[in-house]
Amino acid sequence: MKKYIIKRLLWLIPIMFIVSLIAFFLMYLSPGDPAAIYLSQGGDAPDAEALAALREQLGLNDPVWVQYGRWVGNIFRGDLGTSIFTGNPVAQEIANYFPNTLKLTALSMALTLAVSIPLGILCAVFENKWIDVVLRVLSFINGSMPGFFIAMLLILILGVRLRWLPTISSGSALGIWMPTFTLAIALSASYVRQIRNAIIEELGQDYIRMERAKGIKEWAVLFKGALKCALPRILTLAGLNFGALLGGTSIIEIVCTYQGLGRLAVNSITNRDYPLMQGYVLVMAFIYVIVNLVVDILHAYVDPRVKQQYMKSAVRKKVRLTDGSNKVVQ
Amino acid sequence: MDNLLEIKNLSVNYGLVPILQNISVSVGKGEIIGVVGESGCGKSTMIYAVMGILGKTGYVDGGEILFEGDNLLDYSKEQMRQVRGEKISLIAQNPIESLHPTRRIKDQLSEMVKMHNMDVKEAREEMLRIMDIFRLKNPERILNSYAFELSGGMCQRVSIAMAMVLKPRLLMADEPTSALDVITQKEVINELMKIRDRSGTSILIVSHNMGVISHMADKMIVMYAGHVFEYGDKKQIINHPQHPYTENLIKAVPKIHMPLPEGIEAIRVDRTLPGCPYCRSCDCKCSECDSERPEMIRLDDNCFVRCHKYAHRNTGEQLRAHA
């Protein structure tokens with residue numbers, strides 16, 4: 001297992017190299033001169049002399065490879081560049097917004113799972129009974145509503161009518177709940193359906209019939225039997241969403257006025273804040289890869305079959321040693 | 001011999017489709033009953049019906065299942081659960097798929113034992129002992145394994161051992177030897193028979209393999225399209241099959257050094273049609289076969305047959321003389 005983790009971490013090197021190339025050259029090739037944008041922030045056209053000076057200062061006159069090399073070199077020193085728009089270091093900008101996004105992601109993911117696992121199981125157990133039909137219709141309606149619409153509905157109901165939550169999320173302790181509820185509701189739609197289907201599929205397996213034939217109580221058949229087998233699938237689902245949510249959910253953050261990474265990313269794009277954009281892409285790619293690795297490790301932990309796959313090479317060697325023959329156990 | 005299990009006029013449906021129709025069979029104490037028939041004839045359904053695990057769409061449409069004199073169909077869900085695994089246990093068809101994929105064998109064992117309020121340690125000892133009899137090497141290691149780490153044959157022997165740990169009175173085996181090679185098959189069969197001899201466990205064994213049945217069973221049930229066509233003493237059925245279907249079935253068994261018999265094929269049967277389900281393939285069809293379901297006819301103490309051929313004869317003696 002350790003070997004596997006190290007191998008996966010080593011894979012980070014080529015992945016991050018390619019991501020950095022893409023991030024750098026996308027920005028390099030996109031129209032607009034960063035120096036001109038910086039100087040025209042006040043609304044005036046920049047004068048040629050100042051522009052030339054700034055271009056020299058930012059190193060924009062150097063060959064592209066030199067620029068890329070300098071950028072990567074700085075990254076290794078922990079310097080992601082300086083935001084053109086705010087003048088703050090990019091790393092600091094991202095660090096300011098990241099905790100908010102992390103909190104939002106963790107909360108909404110936890111809420112989603114807490115709601116949709118019980119509901120999914122309920123649907124599976126009462127397959128095609130009224131409770132299942134009602135929940136499926138609800139999740140279908142829910143699933144067809146875009147996230148920003150749910151956000152506005154919640155703002156209208158929880159914020160304006162009932163006045164339970166602030167309509168503007170930033171700068172308030174309760175503020176985080178509006179985007180959390182929005183995300184959890186939006187995600188639950190597909191989660192309930194997928195968990196339901198996963199459990200129904202497991203309940204149809206031979207081992208479930210066998211457990212019943214052994215006189216195992218029904219709750220144990222359901223939780224220790226079926227749910228345990230469906231867990232890896234739920235985990236994969238949650239892992240993918242977790243990674244995506246960490247990148248920020250710009251539309252919902254903007255509708256709820258939440259200070260997260262999604263908002264930062266959108267702002268950096270509208271401001272043509274290239275260093276910030278590049279830094280954002282790089283950091284997000286890194287986090288995404290790490291989240292995936294963690295999910296895969298957890299996967300091996302809940303499903304011994306997966307673990308065995310990771311360790312297959314090791315198992316082969318062991319068999320050869322004890323037998324003295326070349327028999328390979330699959 | 002007292003009957004341990006008595007199935008009386010049992011009918012089972014899956015949804016609207018009748019799967020078992022008017023089945024009557026009994027299993028005596030310490031008896032081994034072999035059930036043969038084509039795939040889909042309802043052999044497994046009969047086992048599931050007795051255990052009360054027909055699943056969501058299956059239900060009993062009439063009849064009685066008497067186990068030690070009590071009708072199992074009157075039992076509550078909880079009572080039925082207690083019977084399963086402890087008094088009646090199952091050896092399943094697909095050994096690997098029938099064990100939980102992500103839990104160790106020992107955990108599955110102890111879960112079952114706890115559910116029946118028995119001593120886990122004792123059960124473990126018993127399990128090791130049975131595994132030893134089955135010549136499973138490294139029984140401790142097997143208990144610590146997952147199903148996917150074991151071969152099909154090992155899984156099968158593990159499930160048989162697990163089915164026997166709680167010393168059930170009735171063992172129902174659904175194709176217990178299908179995953180095994182011929183040598184292991186023989187060992188498992190011998191072990192099952194030894195279990196019967198030692199502890200008087202009755203065994204109901206379903207198999208496609210006529211050889212297995214003819215070796216093991218005392219009595220035999222021949223099933224076709226949800227009906228019991230013939231039921232009685234094994235030797236008698238194999239040597240003097242009464243029902244035309246049984247005759248064909250025994251002819252169809254492939255033998256070494258012999259060409260495969262011709263002219264015998266499986267036909268999809270519409271179970272809702274009136275008349276004998278076998279009438280379209282039968283060699284001795286008569287006029288009633290198309291329109292009337294044949295009754296179960298008792299030829300003698302050891303032989304029951306469901307065929308119009310015998311409807312107008314009085315005793316089996318005459319028949320056998322005729323044959």
Side-chain angles (χ1 to χ4, degrees), chain A residues 123-129 132 198-235 298-309 311-312 315-316 318-319 322-323 327-330, chain B residues 44 47-48 50-58 77-104 107-109 111-118 138 144-151 155 159 162-163 165-166 168 171-172 174:
Chain A
C123 283
V125 172
F126 296 101
E127 188 189 353
N128 294 332
K129 300 273 161 55
D132 177 37
I199 302 265
I200 286 176
E201 199 191 313
E202 290 303 332
L203 284 177
Q205 300 291 319
D206 282 346
Y207 73 90
I208 293 288
R209 195 193 281 274
M210 196 58 213
E211 292 211 335
R212 292 199 174 118
K214 284 192 283 195
I216 307 294
K217 286 177 183 158
E218 200 55 28
W219 64 263
V221 171
L222 190 61
F223 289 98
K224 292 188 181 173
L227 184 61
K228 188 162 193 296
C229 282
L231 215 53
R233 263 186 279 180
I234 301 173
L235 189 75
L298 283 177
H299 206 153
Y301 182 73
V302 293
D303 191 339
R305 286 170 295 187
V306 174
K307 194 171 179 176
Q308 197 208 29
Q309 263 175 20
M311 303 193 303
K312 221 170 215 172
V315 170
R316 284 208 178 112
K318 233 182 244 167
V319 169
T322 49
D323 271 29
K327 203 173 86 188
V328 172
V329 172
Q330 289 299 326
Chain B
S44 302
I47 288 182
Y48 298 148
V50 171
M51 300 198 89
I53 48 170
L54 281 169
K56 275 188 174 161
T57 51
K77 274 188 182 169
E78 175 59 18
Q79 280 174 310
M80 224 24 239
R81 181 192 73 73
Q82 285 168 7
V83 169
R84 284 199 293 267
E86 189 178 333
K87 291 182 178 162
I88 305 177
S89 70
L90 174 68
I91 300 167
Q93 207 163 6
N94 315 311
I96 299 180
E97 286 84 33
S98 295
L99 291 164
H100 194 287
T102 63
R103 297 174 73 194
R104 293 176 199 280
D107 296 335
Q108 299 182 48
L109 175 71
E111 184 187 29
M112 172 181 80
V113 174
K114 274 181 209 153
M115 290 286 171
H116 293 288
N117 299 319
M118 308 266 201
N138 280 329
N144 276 316
S145 304
Y146 297 98
F148 67 86
E149 293 172 325
L150 306 175
S151 70
C155 275
S159 5
M162 226 190 290
V165 161
L166 298 180
L171 201 61
M172 302 221 271
D174 194 353

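Proteins come first, then strands; the chains are lettered A, B, ... in the order of their sequence lines, and each starts at number 1. Keep in mind that the numbers below use all heavy atoms, side chains included, and drop hydrogens, waters and symmetry copies.
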When only pairs under 4.5 Å are counted, which of B:A147, B:P168, B:P101, B:A92 shares the most heavy-atom pairs with chain A?
B:P101
With distance as the sole test, does A:K228 use its side chain to make a donor-acceptor pair with the main-chain N or O of B:T102 at under 3.5 Å?
yes
Out of B:K114, B:E111, B:M51, which one racks up the most heavy-atom pairs below 4.5 Å with chain A?
B:E111
Can you say whether A:E127 sits under 4.5 Å from chain B via the side chain, the backbone, both, or neither, judging by heavy atoms?
both
For B:I53 and A:R212 the tightest heavy-atom approach is CG2-CB, 3.8 Å
Among residues at least two apart in sequence or on other chains, which ones pass side chain to side chain donor-acceptor pair (under 3.5 Å) with B:Q79?
B:S76
List the atom of B:L90, the atom of A:M210, and the distance in Å for their closest heavy-atom pair.
O-CE, 3.0 Å
Could you please spell out the steps behind the side-chain contact (heavy atoms from CB on, under 4.5 Å) verdict for B:H100 and A:C229?
CA-CA 9 Å; B:H100 194 287; A:C229 282; 3.4 Å; yes
Which heavy-atom pair separates B:M115 from A:A220 by the least distance, and what is that distance?
CE-CB, 3.4 Å
Residue, of A:E211, A:K224, A:Q205, that accumulates the most heavy atom pairs under 4.5 Å with chain B:
A:K224
If you count heavy-atom pairs under 4.5 Å between each of A:L231, A:D303, A:V302, A:D206 and chain B, which one has the most?
A:D206
Given a strict heavy-atom distance threshold of 4.5 Å, which part of B:K77 is in contact with chain A: side chain, backbone, both, or neither?
neither
A:R305 charged N/C atom sitting above B:Y146 aromatic ring, 6.0 Å / 45°
no
Between B:E78, B:M80, B:R103, the one whose heavy-atom pairs under 4.5 Å with chain A are most numerous:
B:R103
Are any of the side-chain heavy atoms of A:K214 and B:R84 separated by less than 4.5 Å?
no
For B:E97, is it the side chain, the backbone, both, or neither that has a heavy atom closer than 4.5 Å to a heavy atom of chain A?
both
Pairing residues for B:D107 by the side chain to side chain donor-acceptor pair (under 3.5 Å) criterion, not counting sequence neighbours:
none
Side chain, backbone, both or neither: which part of B:M172 has a heavy atom under 4.5 Å from chain A?
neither
